[in-house]
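Fair warning: this is a prediction, and the values are worked out from it, not measured in the lab. Residue numbering restarts at 1 for every chain, and letters A, B, ... go by the order of the sequence lines.
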2 protein chains.
Amino acid sequence: MDVVRGFNRTVTQRVGALDDKFLARDRPLAQSRLLWEIGPAGAEVAALRNRLDLDAGYLSRLLRTLEAAGLVVVTPAEGDGRVRMARLTEAGRAEWAHLDRRSDELAWSMLAPLSVGQRDRLTTAMNEVQRLLMASMVTVEVCPPTDPRARACLRAYAGELAERFESGFTLDTDDDQQFVPPAGVFLVATLASEAVGCGSVRFEPDGPAEIKRLWVSGSVRGLGVGRRLLTELERHAAAAGADCVRLDSNRALTEAIRLYRSAGYEEIPRYNTSPYPDHWFAKQLHRAPGV
Amino acid sequence: MDVVRGFNRTVTQRVGALDDKFLARDRPLAQSRLLWEIGPAGAEVAALRNRLDLDAGYLSRLLRTLEAAGLVVVTPAEGDGRVRMARLTEAGRAEWAHLDRRSDELAWSMLAPLSVGQRDRLTTAMNEVQRLLMASMVTVEVCPPTDPRARACLRAYAGELAERFESGFTLDTDDDQQFVPPAGVFLVATLASEAVGCGSVRFEPDGPAEIKRLWVSGSVRGLGVGRRLLTELERHAAAAGADCVRLDSNRALTEAIRLYRSAGYEEIPRYNTSPYPDHWFAKQLHRAPGV
DNA sequence: AGGAATAGCTGACTAAAGTCAGACAACATG
DNA sequence: CATGTTGTCTGACTTTAGTCAGCTATTCCT
C-alpha cells in the first residue's frame with residue numbers, strides 16, 4: 001500500500017505537473033485541454049463532455065472561444081441534427097501538432113537524464129504499470145441485455161465468432177429474458193465508459209446453470225477481464241442456488257478454453273444440440289453466501 | 001517514447017484525477033493540499049511555499065483561512081523570530097487523518113480489482129517506475145562551493161566520512177577558491193530543490209585534474225547520481241584541457257571504489273600525502289569538445 | 001547603533017473555472 | 001401532429017486561484 005502511495009505522490013508530482021505545463025501556451029488550460037482532446041480527427045460535443053467531464057454550458061462556451069480564435073469549427077453531425085461535431089481548422093491542427101511535439105518533449109525529458117539501461121528498465125516498468133492500471137480501471141456490473149452497451153458487446157461477439165468459425169455464426173437473439181433476473185444475469189465490463197467485455201448466465205431450476213456469451217474485447221485481452229467475468233458469473237450462479245455451471249465452446253476459441261481449464265472446468269460429454277460447439281465443460285460450485 | 005506517453009495518459013487519468021478528488025472535501029483544493037502538506041509534524045511556512053510552489057501572499061492568505069477555520073495555528077519559530085511555523089490543531093489533525101484514510105482508500109481502489117498475482121506485479125513495477133522517475137528528477141548543475149546547498153552537502157559528506165573512517169575525519173575547509181572557475185568546478189545534484197549530492201574537480205595547469213568530495217545522499221543512493229556527477233566532472237576536466245583525472249579514496253568507501261572501477265579508473269600509486277586515503281585512481285580522458 | 005537583508009503579511013486586483021436555470025431546435029413516439 | 005425527450009446554447013452568476021506592490025517585524029552585518 002505504501003508503494004502505491006509513494007508511486008502516486010512521485011508520479012503526480014512529476015507527470016501531473018509537467019503534463020499541465022505542456023498544455024500551457026498563452027491560452028487558458030481548459031481551452032488547450034479541449035483543443036488537445038478534439039484532436040485531428042474531430043469529436044462529438046457529447047463525447048468531449050464525457051471525456052473531460054465538463055458542464056454542458058461551460059463546454060459550449062469554451063468551444064465558442066476556440067471558434068472565435070479560428071481554431072475550431074462546430075457543425076451539426078450528419079444523421080442527427082442535434083448532435084454537433086467539433087473539428088480543428090487548419091490553424092487548430094497546427095496548434096495541435098505543436099502540443100503533440102511538446103508532449104513528445106515532455107516524454108523525452110523523463111528519459112533524457114537516465115542511462116540507457118535505466119531507460120529500458122523505466123519503459124518496461126511503465127508498460128507494466130499502464131497495463132495493470134487499465135486492468136484495474138475495468139468495472140464489471142450487472143446490466144440488462146437490452147442496454148446499448150450490452151448490444152454493442154453482443155454485436156462484436158457475434159462478429160468475431162462469425163469470423164473465427166469455419167461454419168460462420170449467427171447469434172440467436174431469441175430470448176433475452178433468460179438473462180434478466182431472476183432467470184439469469186447479464187454482465188458488462190466497462191473501461192472508461194466503453195464496454196469491453198460481457199458474459200451471461202442462465203439459471204436452471206434444480207439443474208446446472210449455463211454460462212453463455214462470454215466475450216472480451218481485443219483491446220483489453222490479457223488483463224484478466226475474462227477471468228473476472230467468469231468468476232462473477234459463477235458467484236451469481238451460486239447465489240441463485242446452482243451447485244454446478246456448464247458451458248460449451250469451440251476448438252477455434254483456444255484462449256477461452258485455456259481460461260476454462262485453468263478456472264477448474266472439466267470437459268464433459270455433449271449436453272446440447274447447438275451446431276457450433278465441439279467442447280463442453282462443467283464445474284462444481286462451492287455454495288457461497290451473498291450475491 | 002510512445003510507452004512514456006501512454007503511461008502519462010493513463011496515469012494522469014487514473015491517479016491524477018482521483019488524487020485531486022481525495023483532497024476535495026467541501027474545502028477548496030488549495031486549502032486541502034496545504035493542510036495535507038503541513039502534516040502532523042508541522043512545517044515552516046517557507047518550506048510549504050517551496051514545496052507547493054505558491055506565491056508568498058497567496059500562501060499567507062490560505063494559512064489565515066485555515067487558521068480561521070480552527071485547523072491550523074501559525075507561531076513564530078524558535079531561534080529565528082521571522083520564520084513562522086504552521087502546526088495542525090486537534091481538529092486539523094483529525095482532518096489530516098481523514099485525508100490520510102482517503103489516500104489509503106484510493107491506493108486500495110487501484111489494487112482491489114486485481115488478482116493477487118497482478119497486485120504483486122503492479123507494486124513491483126510501481127516501485128521501479130517511482131525510483132527511476134526520482135532518478136530522472138535529479139538535476140546536476142554548477143554551483144559555487146559557498147552556496148548553502150553546497151555547504152549542506154559538504155557538511156553531510158564530512159559527517160559521513162568521520163563516521164566511517166576509523167581515524168575520524170576533518171574536512172579542511174581551506175581553499176574553496178580551487179573549486180571556482182576557472183581553477184575548478186563544484187557540482188551539486190538537486191532533487192525537488194533539495195541537495196542530494198555533490199562533487200568537485202580542481203584543474204592543474206599542464207597536469208592531471210583532481211576529483212574531490214564526491215558525495216551522494218543515502219536517500220538517492222543506487223539511482224546513478226554518483227555516476228552522473230562523476231561523468232560531468234570528467235567532462236569539465238576535459239573541457240579545461242586535462243587529459244587525465246585522478247582521485248583518492250578509502251577502503252571503507254566500498255561503493256565509491258566500485259563506481260570508480262566500473263567507470264574506467266585504474267589504481268595507481270600514492271600521489272599525495274593526505275592521511276585519509278589508502279587507494280589512488282586515475283583515468284585517461286578522451287579530449288571532448290564543449291563544456 | 002544603523003542600515004541592509006530576510007520572512008512573512010495585507011490590500012487591491014484580475015483571470016480562470018465552474019454552476020445553474022432557462023431557452024430553443026431537432027428528433028422520437030404514440 | 002401534439003407531446004415529451006435529447007443535445008446544445010446563452011446569460012447571469014459565484015468561487016477559486018493567482019498576482020503584485022507596498023508594509024512591518026526580525027535578524028544580520030559592520
Side-chain angles (χ1 to χ4, degrees), chain A residues 16-17 19-21 23-38 42-69 72-87 146-148 193, chain B residues 16-17 20-21 23-38 42-69 71-87 146-149 151 193:
Chain A
D19 219 45
D20 279 0
K21 292 251 154 64
L23 289 168
R25 185 162 153 63
D26 41 84
R27 201 179 323 290
L29 218 114
Q31 281 176 43
S32 289
R33 204 147 30 202
L34 177 54
L35 185 88
W36 178 243
E37 200 63 42
I38 293 172
E44 293 184 359
V45 171
L48 294 171
R49 199 169 48 231
N50 193 32
R51 283 202 294 241
L52 294 171
D53 189 32
L54 293 176
D55 173 84
Y58 183 31
L59 173 58
S60 177
R61 205 176 317 277
L62 285 173
L63 283 170
R64 277 320 73 64
T65 317
L66 288 178
E67 223 168 14
V72 163
V73 283
V74 179
T75 53
E78 54 225 84
D80 190 334
R82 293 167 301 183
V83 176
R84 310 248 287 156
M85 196 68 186
R87 284 177 210 287
T146 48
D147 184 285
S193 65
Chain B
D20 279 0
K21 292 246 156 66
L23 289 169
R25 182 161 156 63
D26 41 82
R27 201 180 322 290
L29 219 111
Q31 281 176 42
S32 289
R33 201 142 36 195
L34 177 54
L35 186 89
W36 178 244
E37 201 63 43
I38 292 173
E44 293 184 0
V45 170
L48 293 170
R49 197 169 50 229
N50 194 31
R51 284 203 293 242
L52 295 170
D53 191 31
L54 292 176
D55 174 83
Y58 184 32
L59 173 58
S60 178
R61 208 177 314 278
L62 285 172
L63 282 170
R64 277 321 72 65
T65 317
L66 288 179
E67 224 169 14
L71 299 168
V72 163
V73 283
V74 179
T75 53
E78 54 223 83
D80 190 333
R82 292 167 303 184
V83 177
R84 309 245 287 155
M85 198 65 188
R87 284 176 210 287
T146 48
D147 185 285
R149 290 177 304 166
R151 296 251 76 97
S193 64

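- Under 3.5 Å, the side chains of A/Arg61 and A/Thr65 contain no donor-acceptor pair of N or O atoms.
- Atom P of nucleotide D/dT6 and atom CD of A/Glu44 are separated by 16 Å, given to the nearest angstrom.
- Atom CG of A/Leu23 sits about 11.0 Å away from atom CG of A/Leu34, to the nearest 0.5 Å.
- Note that CG of B/Leu35 and CG of B/Leu63 are 10.5 Å apart. Values are rounded to the nearest 0.5 Å.
- Between A/Asp55 and A/Tyr58, the shortest heavy-atom contact is OD2-N, 3.0 Å.
- A close approach under 4.0 Å does not occur between any side-chain nitrogen or oxygen of A/Arg49 and OP1 or OP2 of D/dG7.
- Regarding B/Leu62, its CG atom lies at a distance of 14 Å from the C1' atom of C/dT10, rounded to whole Å.
- For the pair A/Arg64 CZ and D/dT8 P, the interatomic distance rounds to 11 Å; values are reported in whole Å.
- B/Glu37 contributes no side-chain N or O that, together with a main-chain N or O of B/Leu48, makes up a donor-acceptor pair within less than 3.5 Å.
- Remark: P of D/dT15 and CG of B/Asp26 are 14 Å apart, rounded to the nearest angstrom.
- A straight line from CG of A/Leu29 to C1' of D/dT16 spans 15 Å, rounded to a whole angstrom.
- Separating the CG atom of A/Leu52 from the P atom of D/dT8 is a distance of 14 Å, rounded to the nearest angstrom.
- When the C1' atom of C/dG18 is taken as reference, atom CG of A/Leu34 falls 15 Å away, rounded to whole Å.
- The distance from atom CE of A/Met85 to atom P of D/dC9 is 14 Å, rounded to the nearest whole Å.
- In this structure, CD1 on A/Ile38 lies 13.5 Å from CZ on A/Arg33, to the nearest 0.5 angstrom.
- At least one donor-acceptor pair under 3.5 Å links the side chain of A/Glu67 to the backbone N or O of A/Val74.
- Listed by residue number, B/Arg82, B/Val83, B/Arg84 are the residues of residues 73-84 of chain B with a heavy-atom contact under 4.0 Å to DNA chain C.
- Closest of all the heavy-atom pairs between B/Ala43 and B/Arg51 is CB-NH2, 3.7 Å.
- Counting all heavy atoms, side chain and backbone alike, A/Leu59 lies closest to A/Val45 at CD2-O, 3.6 Å.
- Taking a 4.0 Å limit (strictly below) on heavy-atom distances, residues 53-61 of chain A reaches DNA chain C at A/Asp55, A/Tyr58, A/Arg61.
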